[in-house]
Undergrad: 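To start, I am sharing the structure in question, which I have written as structure tokens.
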Amino acid sequence: MMNLSRRRFLKIGAGTMAAAGSLDASLHVLAGSGKPAARGTRTVPTFCNLCFWECGAIATVRDGKLWKIEGNPLDPLSRGRLCPRGTGGIGAHFDPDRLRSPLLRVSERGEEKWKAVTWDEALSFIAGNMQKIKAEYGPESFAAFIHGLGGKFFKQTLRAYGTENIAAPSFAQCRGPRDVGFTLTFGDGVGSPERTDIENAQCIVLIGSHIGENMHNTQVQEFAAAVGKGASIIVADPRFSVAASKAKFYLPVKPGTDLALLLAWMNVIVGEKLYDKEYVDKYGLGFEQFAAEIQPFTPEWAYPETGIDPDLIRATAREMARYRPATLIHPGRHSSWYGDDAQRSRAIALLNALMGSWGRKGGLYIPAGMEIPGYPVPPYPKSEKPPVDNPNNQYPFADEAISTGIREATLTGKPYPVKGWLVYATNLLYSLPNQAETIRAIQNLDLFVVVDTIPSEIACWADIVLPESIYLERYDELHSEPFRQPFIALRQPVVDAPADQKPNWWIAKTLAEKLGLGAYYPWKDIEEYLAARLKAAGYSFEDLKRDGILPGPQRPIYFEDGAPAVFDTPSKKIEFYSAQLQKAGFDPVPKYTPPEQPPQGSYRLLFGRAPTHSFSRTQTNPLLMDLQNENSVWVNAVEAQRLGLKSGDYVRLRNLDGQVSNRVLVKATERIRPDCVYITHGWGHTSRMLRSAFGRGASDSQLITRYKTDPLMGGTGMNVNFVTLETEV
Ligand SMILES: Nc1nc2c(c(=O)[nH]1)N[C@H]1C(S)=C(S)[C@@H](COP(=O)(O)OP(=O)(O)OC[C@H]3O[C@@H](n4cnc5c(=O)[nH]c(N)nc54)[C@H](O)[C@@H]3O)O[C@H]1N2
Ligand SMILES: Nc1nc2c(c(=O)[nH]1)N[C@H]1C(S)=C(S)[C@@H](COP(=O)(O)OP(=O)(O)OC[C@H]3O[C@@H](n4cnc5c(=O)[nH]c(N)nc54)[C@H](O)[C@@H]3O)O[C@H]1N2
Ligand code: SF4
Ligand SMILES: [Mo]
């Protein structure tokens, strides 16, 4: 029983392997490196880069050719199994649309006309233009968007050059609101990988988090294990997700009203004294004021907002209390939804606090990390100007750079001009809301550099594009994040890059040398760098190369086992009532504002993850395209019938600003509310050089012209667009 449900749910493991293997032979033709192949089989441990979970993996090379990739059993993240995307990761090596050499723009920006140049020409061009910007405007006028571990050395080069204006979409467009909401409450964020003790939870509440479609590996494995052990699952989602199909209680909440639901749950739990009083008394501050504030928000009050029956709200609140402290209200990850997101996330944090689940088994554990000293570098120059993304500290609780803030400064020239961008591993036209604003900002630049592996949409707008080798062809910075078990993981080359692609460390180091900043790179190559870092931490590079993973000393992760109960808030307590929010002019206890209604005849556009793809980065991977090569739009079955649509028809989506999508398949289903439609993100590519993905499916990014900015931290709520459906004839 357990095994069956696990297997059905997971799709992590052997099934997708076979699909990968069967296509493999034909793909080898595409790779065609021309070198004589070494015969035999060898394996190389490394870690995955298809998403930010970064699972430990073991790649196999057969007769000199990349053959397959599997989970590394020593790795606490993968536990020996990769998700379908990770398994199909080898397809990125064979991707026929890959960038092959540096490209210099030879016509207007965005026209996609290029000339291949050498690395020396490319990096001299970039260094020369960076020096010009520095001389004319100061180094802070060069900004960067850098996503992921591979960006480490670009950050180093840019800090040495003199700018700190470096942002990633993972803050304002992803997990920022969540981490701010939790930090305001507990003094610490949720982290990545999340500190969620899913496998030991007896009750799991998912508010939108669509684990099982969101394929973050350990979470999916742990969720399947918890389901197998009979955990009580509560899912609130306007769409009956894969996770909802495992739930004891499903709440088809009206989009954008989760804060009302959360307040009502807390109202019941406090009113019926179901919370962990001992925990709240010991660690909490301002509980009485909090209790008084939430008193009006009864299930009856929440009913017309959320559409959820008061009895169901009460029943689910009691269910949560029944299993506390092993009740996990999952904080979610992509939390930039409606513009009130940090406060919604704070309400999720407060509900966990009532359950006494922070620091407890089956709740949110205290992760354990490792000490690895950095490689010594000279001090970075001090920036003379404040960060450009958040003038006058307008978003007082933003604790990371705001990507959309850098874009705004580039558009307006305020608080000071931004004249250069370096974009590393982020497709800004897909990750930031309102593509037109991004394109307008680009038009103000004197220099625009993109480092990517494929000719992504953002690369099409660059002055110069630098092709990076993919993760299976390079070393990267060490990977070590706080987790249940501390670990260090190594990415190392499995095969050679097929053409003139280079790894990030080499590009960033060579650029630094051209900028006269060679002192920041006192090592010859990255192997020397990695060996020195590991030695300083007391570990051996050779051991790590052999195993891929080095475990660190285990520390207690629950309060009951001796993990320190430290709350890094101003009061050093769990802040039920937040004096810092009040001081900054915000609600000290979250308050609900109803979302805008869809105009007559239109639907709220919701979006999420395709289980077999990552964002906009995998649609030219031939193995993953073999699994899914377009997206579909989920439409409520009754609405579909009213519109004369059935599953398999094609429609176009038109938003209120007149943006019209590519044609997209209809999925008419009872599994979604009638007031919204749903598509998966990453489709509808417009870069002509992405030949195999061009025009396939509809792009949510194109339709997200509107967004609502979170007043606490600058996150961009993107679930605020409405569409109509147009029949495709
Ligand atoms: N396969 C795959 N997995 C991935 C990724 C990927 O690209 N591909 N990306 C990873 C990353 S970086 C992230 S951030 C995560 C994101 O994954 P999550 O954090 O799990 O998902 P969200 O994008 O927040 O939520 C999407 C879900 O929210 C529901 N939803 C929409 N509006 C509302 C609402 O108003 N209320 C409620 N309660 N639900 C709503 C949608 O129906 C959908 O089921 O996924 C990660 N995992
Ligand atoms: N409309 C909309 N916007 C969103 C989201 C959404 O669901 N819908 N999700 C939000 C979330 S949760 C997140 S985390 C962000 C994600 O935002 P991004 O990180 O921008 O995600 P991608 O669209 O995959 O863009 C990644 C780019 O990096 C390139 N790349 C991949 N591997 C490498 C590599 O090894 N080296 C280099 N140099 N480049 C590489 C890819 O080809 C691609 O062009 O987007 C956010 N924005
Ligand atoms: S979750 Fe999947 S895609 Fe992400 S790193 Fe792990 S195996 Fe790779
Ligand atoms: Mo994300």
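Just so you know, these numbers use all the heavy atoms, side chains as well, and skip hydrogens, waters and symmetry mates. What you see is a predicted model, and the numbers here were worked out from it, not measured in a lab. In this chain, numbering begins with 1 at the start of the sequence shown.
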Undergrad: Which pair of heavy atoms, one from D179 and one from V190, lies closest together, and at what distance?
TA: OD1-N, 2.8 Å
Undergrad: Please answer whether the main-chain N or O of L274 pairs with a side-chain N or O of R324 as donor and acceptor at a distance below 3.5 Å.
TA: yes
Undergrad: Does the plane of the ring in Y250 sit parallel, tilted or perpendicular to the ring in F240? Use 30° and 60° as the thresholds.
TA: perpendicular
Undergrad: Answer yes when K361 and D561 have at least one side-chain N-carboxylate O distance shorter than 4.0 Å, and no when they do not.
TA: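 Between D561 and K361 there is no salt bridge, as every charged N stays at least 4.0 Å from the carboxylate O atoms.
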Undergrad: Could you check whether any side-chain N or O of T218 sits under 3.5 Å from a backbone N or O of L77, counting only pairs where one atom can act as donor and the other as acceptor?
TA: yes
Undergrad: Determine, step by step, whether R360 and Y365 satisfy the side-chain contact (heavy atoms from CB on, under 4.5 Å) criterion, reporting the C-alpha distance in whole Å, the side-chain angles of both residues, the deciding distance to 0.1 Å, and the verdict.
TA: CA-CA 6 Å; R360 309 284 283 283; Y365 64 80; over 6 Å; no
Undergrad: Carefully, step by step, assess Y577 and E288 under the rule side chain to side chain donor-acceptor pair (under 3.5 Å).
TA: CA-CA 9 Å; Y577 189 91; E288 294 306 325; over 6 Å; no
Undergrad: Does a side-chain N-to-carboxylate-O contact under 4.0 Å join K229 and E222?
TA: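 No, this pair does not count.
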Undergrad: Output yes when a side-chain donor or acceptor of S78 lies under 3.5 Å from a complementary backbone atom of N72, and no otherwise.
TA: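 Yes; at least one donor-acceptor contact below 3.5 Å.
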Undergrad: Is the shortest side-chain N to carboxylate O distance from E300 to R314 below 4.0 Å?
TA: yes
Undergrad: Without swapping roles, check the side chain of T185 against the backbone of G181 for a donor-acceptor pair under 3.5 Å.
TA: yes
Undergrad: Check whether more than 12 heavy atoms from other residues, nucleotides or ligands sit under 6.0 Å from atom CD of E278, and answer yes or no.
TA: no
Undergrad: Is it the case that the side chain of D700 and the backbone of H681 share a donor-acceptor pair, with hydrogens and angles ignored and the cut-off at 3.5 Å?
TA: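 Pair absent, no side-chain N/O of D700 close to backbone of H681.
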Undergrad: Which heavy-atom pair separates G356 from P325 by the least distance, and what is that distance?
TA: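 Minimum heavy-atom contact is O-CB, 3.3 Å.
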Undergrad: Flag yes if more than 12 heavy atoms outside K248 fall under 6.0 Å of its NZ atom; otherwise flag no.
TA: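 Counting neighbours around NZ of K248, more than 12 heavy atoms of other residues, nucleotides or ligands fall under 6.0 Å, so yes.
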Undergrad: State whether the side chain of E54 and the backbone N or O of L50 hold a donor-acceptor pair below 3.5 Å, judged by distance alone.
TA: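 Looks like no, no N/O pair under 3.5 Å.
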Undergrad: Does the D626 side chain pair with the main chain of L624, one donor and one acceptor, at a distance under 3.5 Å?
TA: no
Undergrad: Run the salt bridge (charged side-chain N to carboxylate O under 4.0 Å, His left out) test on E213 and R239 for me, step by step, so that the C-alpha distance in whole Å, both residues' side-chain angles and the decisive distance to 0.1 Å come before the verdict.
TA: CA-CA 12 Å; E213 289 157 284; R239 185 181 65 95; 2.8 Å; yes
Undergrad: Please name the pair of heavy atoms, one in D237 and one in G208, separated by the smallest distance, quoted to 0.1 Å.
TA: OD2-O, 3.3 Å
Undergrad: Any chance you could lay out the side-chain contact (heavy atoms from CB on, under 4.5 Å) test for V180 and R346, step after step, and finish with the verdict?
TA: CA-CA 8 Å; V180 169; R346 190 166 132 71; over 6 Å; no
Undergrad: Where the side chain of Y323 meets the backbone of C203, is there a donor-acceptor pair that is under 3.5 Å apart?
TA: no
Undergrad: Tell me, do I313 and T298 make a side-chain contact under 4.5 Å, heavy atoms counted?
TA: no
Undergrad: Just by distance, do the side chain of N631 and the backbone of I679 share a donor-acceptor pair under 3.5 Å?
TA: no
Undergrad: If you compare all heavy atoms of R85 against all heavy atoms of S614, which two are closest, and at what distance to 0.1 Å?
TA: NH1-OG, 2.6 Å
Undergrad: Hey, is CD on E670 packed in by over 12 heavy atoms from elsewhere, all under 6.0 Å?
TA: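 12 or below, so no.
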Undergrad: Begin from the C-alpha positions of R178 and E194 and carry the test salt bridge (charged side-chain N to carboxylate O under 4.0 Å, His left out) through to its verdict.
TA: CA-CA 11 Å; R178 172 196 81 176; E194 281 84 5; 2.7 Å; yes
Undergrad: Consider ring pair (Phe, Tyr, Trp, His ring centres under 6.0 Å). Of W53, F223, F52, which one does H216 pass it with?
TA: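 It is W53; the other options fail the test.
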Undergrad: Above 12 or not: heavy atoms from other molecules or residues under 6.0 Å from CD of E272?
TA: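 Atom CD in E272 is crowded, with more than 12 foreign heavy atoms closer than 6.0 Å.
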Undergrad: Taking the side chain as every heavy atom from C-beta outward, state whether D710 and Q343 have any pair of such atoms under 4.5 Å apart.
TA: no
Undergrad: Please report the closest heavy-atom contact between L74 and I549, naming both atoms and the distance.
TA: O-CG2, 3.7 Å
Undergrad: Is the gap between the ring centers of Y283 and F559 under 6.0 Å?
TA: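 Ring centroids of Y283 and F559 are less than 6.0 Å from each other.
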Undergrad: Using the ring of each side chain (for Trp, its six-membered ring), is H479 parallel, tilted or perpendicular to F47, with breaks at 30° and 60°?
TA: tilted
Undergrad: Over 60° means perpendicular and under 30° means parallel, so tell me whether Y275 and F287 are parallel, tilted or perpendicular.
TA: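 Taking F287 first and then Y275, their aromatic rings sit tilted (interplane angle of 30° to 60°).
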Undergrad: Considering all heavy atoms of both residues, which atom of T183 and which atom of T569 are nearest to each other, and what is their separation?
TA: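 Closest approach of T183 to T569, heavy atoms only: O-CG2, 3.9 Å.
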Undergrad: Classify the ring geometry between F483 and F487 as parallel (under 30°), tilted (30 to 60°) or perpendicular (over 60°).
TA: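 Plane angle over 60°, so perpendicular.
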Undergrad: Specify whether F186 and F182 have parallel, tilted or perpendicular ring planes, treating 30° as the upper limit for parallel and 60° as the lower limit for perpendicular.
TA: tilted
Undergrad: Decide, yes or no, whether a salt bridge links K708 with E596 under the criterion of side-chain N to carboxylate O below 4.0 Å.
TA: yes
Undergrad: Table please: side-chain donor-acceptor pairs of residues 587-594 below 3.5 Å, with sequence neighbours left out.
TA:
residue: Y592; atom: OH; partner: E305; partner atom: OE1; Å: 2.7

Undergrad: Do R79 side-chain atoms and Q221 backbone N/O form a donor-acceptor pair below 3.5 Å?
TA: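 A pair under 3.5 Å: no.
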Undergrad: Would you mind reporting whether T724 and L653 have side-chain heavy atoms less than 4.5 Å apart?
TA: no
Undergrad: Mind running side-chain contact (heavy atoms from CB on, under 4.5 Å) on Y678 and V633 for me, showing each step along the way?
TA: CA-CA 6 Å; Y678 175 85; V633 57; over 6 Å; no
Undergrad: When you compare the side chain of K254 with that of R673, does any pair of heavy atoms fall below 4.5 Å?
TA: yes
Undergrad: Are any of the side-chain heavy atoms of S632 and V666 separated by less than 4.5 Å?
TA: no
Undergrad: Using 30° and 60° as the class boundaries, would you call the ring planes of H334 and F607 parallel, tilted or perpendicular?
TA: tilted
Undergrad: Apply side-chain contact (heavy atoms from CB on, under 4.5 Å) to C174 and R333, showing your working.
TA: CA-CA 7 Å; C174 175; R333 184 178 179 109; 4.2 Å; yes
